[in-house]
Each structure stands twice: as structure tokens, then as C-alpha cells.
There are 2 protein chains.
Amino acid sequence: MNTLEKIQTNLSNFSKSERKVAEVILTSPQTAIHASIATLAKMADVSEPTVNRFCRRLDTKGFPDFKLHLAQSLANGTPYVSRHVDEDDGPDSYTNKIFESSMAALDVARQSIDPMAINRAVDILTQAQHISFFGLGASSSVAHDAQNKFFRFNVPVSCFDDVLMMRMSCINASAGSVLVLFSHTGRTKALVEVARLARESNAQVISITAKDSPLARESTLAVTVEVPEDTDMFIPMASRLAHLTVIDVLATGFTLRRGPRFRENLKRVKEAIRESRFEKPSNL
Amino acid sequence: MNTLEKIQTNLSNFSKSERKVAEVILTSPQTAIHASIATLAKMADVSEPTVNRFCRRLDTKGFPDFKLHLAQSLANGTPYVSRHVDEDDGPDSYTNKIFESSMAALDVARQSIDPMAINRAVDILTQAQHISFFGLGASSSVAHDAQNKFFRFNVPVSCFDDVLMMRMSCINASAGSVLVLFSHTGRTKALVEVARLARESNAQVISITAKDSPLARESTLAVTVEVPEDTDMFIPMASRLAHLTVIDVLATGFTLRRGPRFRENLKRVKEAIRESRFEKPSNL
DNA sequence: TCTTTAATGTAGTTAATTTACGAAAATGTG
DNA sequence: CACATTTTCGTAAATTAACTACATTAAAGA
């Protein structure tokens, strides 16, 4: 709940003087955020510490912090909010809603990711002798994408979206093998089983999945991602986007770790594709 | 213009030290709004007055006022700016940059999409007797994802990431066939050729690609998407995300067109997967 | 009415921000 | 290339704002 609404709802819980402060803020919030604690106290006809206590009561660190929160709740220009598609939405409407929900989901995912986990994952990946990407169902395309990306790095990669192949691959895995498993829920039995098998072969298992999930527990390293999934649609949407972005992050970390000379290599890969394309007109 | 964008655009107008401050703020704006001027100065390795001058340069009354503006722009609409990853960025920094760039890219893509093209694409898809998804290279995983999604709709679908298979598939295509081609550039010779072949077989060709590209011209319907691609990295990143989101939009349009009874079907598909998963603890 | 507790204000303390000024760097000029 | 001028930046002092501790008052209960 945003701060302004919070003031509104808690109005009855405040003491007499605190309510005076609340009234002033609700009447002209724009003035409030630019006022000093002294000014505001005078406007509400209370003492400065009362204003301060009022702020603390709203779970803020103090007056300046409170102003920050208030400012944010005032800037309600409908940010990236996940919005549900309605039955009677037109193309224009549902297109926007879905794009906005996707952006909102990425935002949530971003905040939930632990950069240290990313860093450790990059550590492991850079030392890998072979990287395998595994994903089932909707995550199989994510795994394919990862393969495509890391293939460009001139690292031995493979990718499976088939449980039997995964299991066979695990048996042949060794200490230098790194497996990257993608699963939104982290509860797909077959995949959790694969993680266990792989670890029995001393391979390293990195999972991109949900926090505290069976898969996360079964992995050497879990990069946990929180994604708000719109369950109305019964189709995973946002989680793929988040996982793909995690791939981008890992790939970026990988290239950074390898240094500038390595990037020359990427350039050459890209140039190798060029001749398969039609030239762009003149302006470039 | 919001404060964060303003910092981004004026980056070149700042002096050396002010730019250091700008970098710190752009890297972690959330930290910045909660920091004191002293902390921020230390983070940017400049003096406190420099931070203050930086604030004034952005038409604010001073540091506290600046924080207020920044807080608002963080809460507001599109605070995300596409930013390049630096050589010496840490995991925290590049993770944020990439997520933010992705969000910014989706925002640009959203604005560039013509809802009427979406609508027509949905028209065509709902009437299809068979849908094939084609993509090469980085787009092959996009095509796979589309297949996975539309497969749930109980529509005959196929997916190819191999040119020969695509061509064979085109020969066998008929009037009821719909091909969906994914290509960021729209300049991949092989794919443009496939589009032509398909149309010769009277199949409908929908392309998700760049505006005014050879592929767009060769298609029955082009859903054109503009994506700001960070060419520094030599790896396609944002375009896949945008294309996947377009898939989501098309799939959504598809289900809406089919009506509520159709969505019951999706629910059943989802429930069919359930038993392959570990139960979630008790709280749900 | 007295006691106890909660609420509020006063005054002092601490912390943060801003200003004034001077040094250093950068830029332009003879 | 030396010198002058302007811009940039930092140090230190001054100012302002915010917070704490404590005293006082009001309210509630016995």
C-alpha cells in the first residue's frame, strides 16, 4: 500500500495531534513534501517531535525518509503495474497490458536476484569444461536460447529438452561439467531428479528457479528469481522473460570475466553471420 | 522529463566530477535516495559540495529536494534507461543495467507496435488449420517458445529451426497453412526465401520482424517491432524478449477471440502437468 | 481524587546541508 | 610556451534541519 493510502486508512489509529498532521498532509501533500519538519509542525499546529513521531508510526526511518515515501506515492503515474487482461479488451488494450505486465515482472525479478549468486554462477561457468542447458516444457526454449548464446563464446555446450537425454547426459558428466537447469517452479520432479543424478557424477549444477524450491535445494548453486506470474492465463509468460534476462546477465558476466580480447571473438562470430544477410540500404 | 532520464541525457554536459556522481546515482538510484549527501559523495569519490552543485544543475533546490525528485521519478512511469555495461562493472551493477535495458527495450517495442497488425495477425491465426513457427539462430528459441504456447491451444503446430525443413514444409503448405517467421533484422536471406516459397504455396505468412525489411515486404502480414539492440555486446538480447512478448500478445488475443469456454481447456492442460510436480508445502 | 499511563511540547544535541572562499585544473590568448 | 582567465573542485566554517532526552500536561482508570 502506498504511503498516502496508509495515512488515510490509519487515520483513526492516530492520536489527536498526529491526526492534525495527517489532515494537513492529506489536504496538500505536494506542499508537505517540500516543507521542512518545522514548517509542517507549524501548519498542523503541533510540535516538531510530534511530526517526527507521526513519521515513525508509518514505518519510516524519520521525517526525511517519510517525505521520500510520500513523494513516491504521489508520483502515481501508474508505473509498471501488472494488469490483468479483460474479456472485452481490444488489441490496443491487451497489447499494452501485456507489455506492461512483462516490464513489471522483470522489475520484480530484478529486485529479487542476488548479485552474489550471479557472481558465483559466472565463476562456475567460466571454469566449466562443458556446459549443458536443460529445460522442460516452456523452459526448453529458454535452454535453447542459452545454448545459442554460450555457443558463441566458443565453449563446448549442449542443450536438452528431453528427460531421457538429460539423464544419459548426467551419467556421462564429470567434475568439469556444468549443468544449468531452468525451471520456473523448481518443482518438476524429473528435473529435480536430474539435478541429483548430475551431482552424483560430481558435476556442478546451477539452477535458475524459484527460491526454496526442491530444485534449488538439490543444486550446487541456485540463482533464485521471483516472478509474478499471471495465473489467470494458465500459460507461463513472465518467467521465460525473466530467465532469458538472467541468461543475458550471466553471458555478460562471462564476457566481462574473459576480458576485452575475448570480445573480439564475438565480433568475428557476428561478422561470420553477415554474409547470410541482405545488406542494409545506404544510410549505414 | 523525469529526473533519471534527465541525468542520462545530460551526462555529457556534466563536468568530470559531476559525471561521477551521475554514474553512482544511475547505477543504484534506490541507494541514492536513501543516502546522505556525505555517503553519496564518498561513493562517487567527490566532495559534498560537488554533489550539491550536481543537484542544482538539475534544477532542484538542493540535495534533499533532488532526492525528492529522484524518488518521484523512480516511482513514476518509465524510470528505466538503456545503459551500457562497463568493463569494470560488478555483478550488482551489470545485473541491474541489463534488466533495466531489457525493460527499456520492451517499452520502446511496445510503442512501436501497431495494434491493428496484432489484430489482423490474430484473425489469421484463429482461422489457421495449421501453424508453423520458423526462426533461425537466436530466433529459433523464440519459435520454439511460440510452438509450446500454441500447442496448448490444441491447434496443429510445428516448429523448425532448420532451413531445409522449412523449405520442405513450405512446399507442402496449402491455403489453410499459416507460417509465423521470427527475425530481428528481417534480412536473413534464407528466411526471406522461405517466405516467398510459402506464399507461392498460397500459405499465409506472418512475420515478426523489423519495419521496412525484406522479410516484412515478402510477408502477408508484418508485425513490425522496433527494438533498441545494444550492439556493443554483439549478441542479440532485447529482440528475443520483445518477440516473446509479441507471442504472448498474440496468444492472448487468440484466447480472447476463442471465448471463455476455450480457456477451460487451458486450465485442463495446466492441470495435466500438475502431477509431474512436487506439491507446494502447506500454506497454499 | 489520586495514580498511572499515554501524549505532547521544550530545550538541547547531533547530524546534515549549504555557503564562502581559495586552490587547482583546464582553457584560451599573446 | 608562458601567462591570463575561466571553470571546476575541495576545505572549512556556518547554517539549518532533524532528532533525543526529558519535563509537562492531559487522559484514563481505580
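All values below were derived from every heavy atom in this structure, side-chain atoms included, with hydrogens, water molecules and symmetry-related copies excluded. Proteins get letters first, then strands, A, B, ... in listed order; numbering begins at 1 in each.
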Taking only N/O atoms, report every protein-nucleotides 22-24 of chain C pair under 3.5 Å with atom names and distance.
none

Return yes if a side-chain donor-acceptor contact under 3.5 Å exists between A:Arg257 and A:Asn119, otherwise no.
yes
Side-chain donor-acceptor pair under 3.5 Å between A:Asp65 and A:Thr60, yes or no?
no
Which ones in residues 60-69 of chain A lie close to DNA chain D, meaning a heavy atom under 4.0 Å from one of its atoms?
A:Gly62, A:Phe63, A:Pro64
Using a strict heavy-atom distance below 4.0 Å, which residues from residues 29-39 of chain B are in contact with DNA chain D?
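Here the set is empty: none.
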List, with names and distances, any nitrogen or oxygen atoms from the protein found under 3.5 Å away from nitrogen or oxygen atoms belonging to nucleotides 11-16 of chain D.
none

Short side-chain to backbone donor-acceptor contact, B:Thr50 and B:Val46, under 3.5 Å:
no
Would you please test A:Arg110 and A:Asp107 for salt bridge (charged side-chain N to carboxylate O under 4.0 Å, His left out) and show each step?
CA-CA 5 Å; A:Arg110 175 177 67 101; A:Asp107 198 27; 2.8 Å; yes
May I ask you to say what B:Arg19 touches in the nucleic acid, namely base, sugar-phosphate or nothing, with a heavy-atom cut-off under 4.0 Å?
nothing
Sorted by chain and number, sequence neighbours left out, ring pair (Phe, Tyr, Trp, His ring centres under 6.0 Å) with A:Tyr94 holds for none
Nearest whole angstrom, please: distance from the C1' of C:dT10 to the CG of A:Asn52.
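Whole-Å distance recorded here is 15 Å.
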What nitrogen or oxygen pairs link the protein and nucleotides 4-6 of chain C at under 3.5 Å?
none

